Amino acid sequence: MQDYHSFIGEVLIEEEQLKKRVKELGEDISRDYHGKEILAICILRGGVMFLTDLIRHITPLVAIDFMGVSSYGAGTRSSQGQVRITLDLTTSIAGKHVLIVEDIIDSGNTLASVIEMLQTRHPASLEVCTLLNKASRREVDIPIKYCGFIIPDKFVFGYGLDMDEFYRNLPFIGVVDLEKYEAGL
Ligand code: IMP
Ligand code: MG
């Protein structure tokens, strides 16, 4: 059984930095949506921790819903081909101010599919809030209204982001030392 301490290459974003930035994003969103109702759509599973922290700093009315999307296989490999909806929303988004809450945008393929699909349901507005943005990896252009941090092209984990489904519970964002992880050290 591996303990994550053995394969953290570095702590990229400390818990305190995350807290500060998430609060700032919540305040920006609150200002922009003043007097409106928000429907925050969390992309499962990586966006969960970010969503629950973010909405604590949102002052306009906010409802939440969840969408499951499968893009990556196990481990750290990047997505190939089609994105699959594994869990759909339970609420109608027609006429609503939808804010997609995502953990990380890498190639952009996942979110491009989600946005395309949600646009067909006629929301009043549709914006994206991502905690992390691996901008250098982008393959499709995504309009990002709110972004926590632009990060380098490294595989990260913690604060909702997984490695083989584990380590989502870490309160910080770490970079994997892939050699150690794959060697099982
Ligand atoms: P995209 O379709 O390439 O933009 O991939 C986006 C999805 O891949 C994210 O929502 C994450 O679930 C996953 N992902 C991308 N990079 C990482 C990473 O560094 N760590 C963990 N998950 C990642
Ligand atoms: Mg995700």
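Count residues from 1 along the sequence. Please read all numbers here as calculations on a predicted model, not as lab measurements. Just so you know, ligand 1 is whichever comes first in the structure, and atom 1 is the first atom listed for that ligand.
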Item to check | Side-chain (T86) to main-chain (G68) donor-acceptor, under 3.5 angstrom | outcome: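 At least one qualifying donor-acceptor pair exists.
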Going by the atom numbers of ligand 1, which of them fall below 4.0 Å from some non-hydrogen atom of [X]?
X: N109; answer: 2 (O), 4 (O)
X: T110; answer: 1 (P), 2 (O), 5 (O), 6 (C)
X: K154; answer: 19 (O)
X: D162; answer: 21 (C)
X: S107; answer: 1 (P), 2 (O), 3 (O), 4 (O)
X: E102; answer: 10 (O)

Sub-4.0 Å heavy-atom approach of [X] to ligand 1:
X: R137; value: no
X: F157; value: no
X: G46; value: no

Checklist entry - Which residue from I104, T130, V176 reaches closest to atom 11 (C) of ligand 1 through any of its heavy atoms? => result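 Nearest option to atom 11 (C) of ligand 1, by heavy atoms: I104.
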Next on the checklist: What I want to know is whether I105 and ligand 1 share at least one N or O pair that is separated by under 3.5 angstrom.
Outcome noted: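 By distance alone, the answer is no.
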Checklist entry - Do V156 and ligand 1 have an N or O pair less than 3.5 Å apart? => result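 Looking only at distances, the answer is yes, because the N/O contact criterion of under 3.5 Å is met.
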Checklist entry - Y159 and Y167: ring pair (Phe, Tyr, Trp, His ring centres under 6.0 Å), yes or no, with the steps? => result CA-CA 8 Å; Y159 196 71; Y167 316 110; over 10 Å; no
Checklist entry - Rounded to the nearest 0.5 Å, how far does CD1 of I150 lie from CG of L132? => result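 Rounded to the nearest 0.5 Å, the CG-CD1 separation comes out at 10.5 Å.
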Item to check | Straight-line distance of K36 NZ to L99 CG, nearest 0.5 Å | outcome: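 The NZ atom of K36 sits 12.0 Å away from the CG atom of L99.
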Checklist entry - Just one of V114, L44, T90 clears the side chain to side chain contact (heavy atoms under 4.5 Å, CB included) bar with M67, so which one? => result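 Exactly one candidate clears the test, V114.
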Next on the checklist: Taking 4.0 Å as the limit for heavy-atom contacts, which would you say applies to L111 with ligand 1: side chain only, backbone only, both, or neither?
Outcome noted: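 For L111, no heavy atom sits under 4.0 Å from ligand 1.
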Next on the checklist: Assess whether a salt bridge exists between E24 and K20, defined as any Lys/Arg side-chain N lying under 4.0 Å from an Asp/Glu carboxylate O.
Outcome noted: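 Salt bridge flag = yes for K20 with E24.
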Item to check | Lys/Arg-Asp/Glu bridge criterion (N-O < 4.0 Å) met for R21, D53 | outcome: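 Salt bridge absent between R21 and D53.
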Checklist entry - If you measure only the distance, is there a donor-acceptor pair under 3.5 Å linking the side chains of D28 and Y33? => result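 Side chains of D28 and Y33: no pair found under 3.5 Å.
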Checklist entry - Do the side-chain N and O atoms of D153 and S136 include a donor-acceptor pair separated by under 3.5 angstrom? => result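 No, no side-chain donor-acceptor contact under 3.5 Å.
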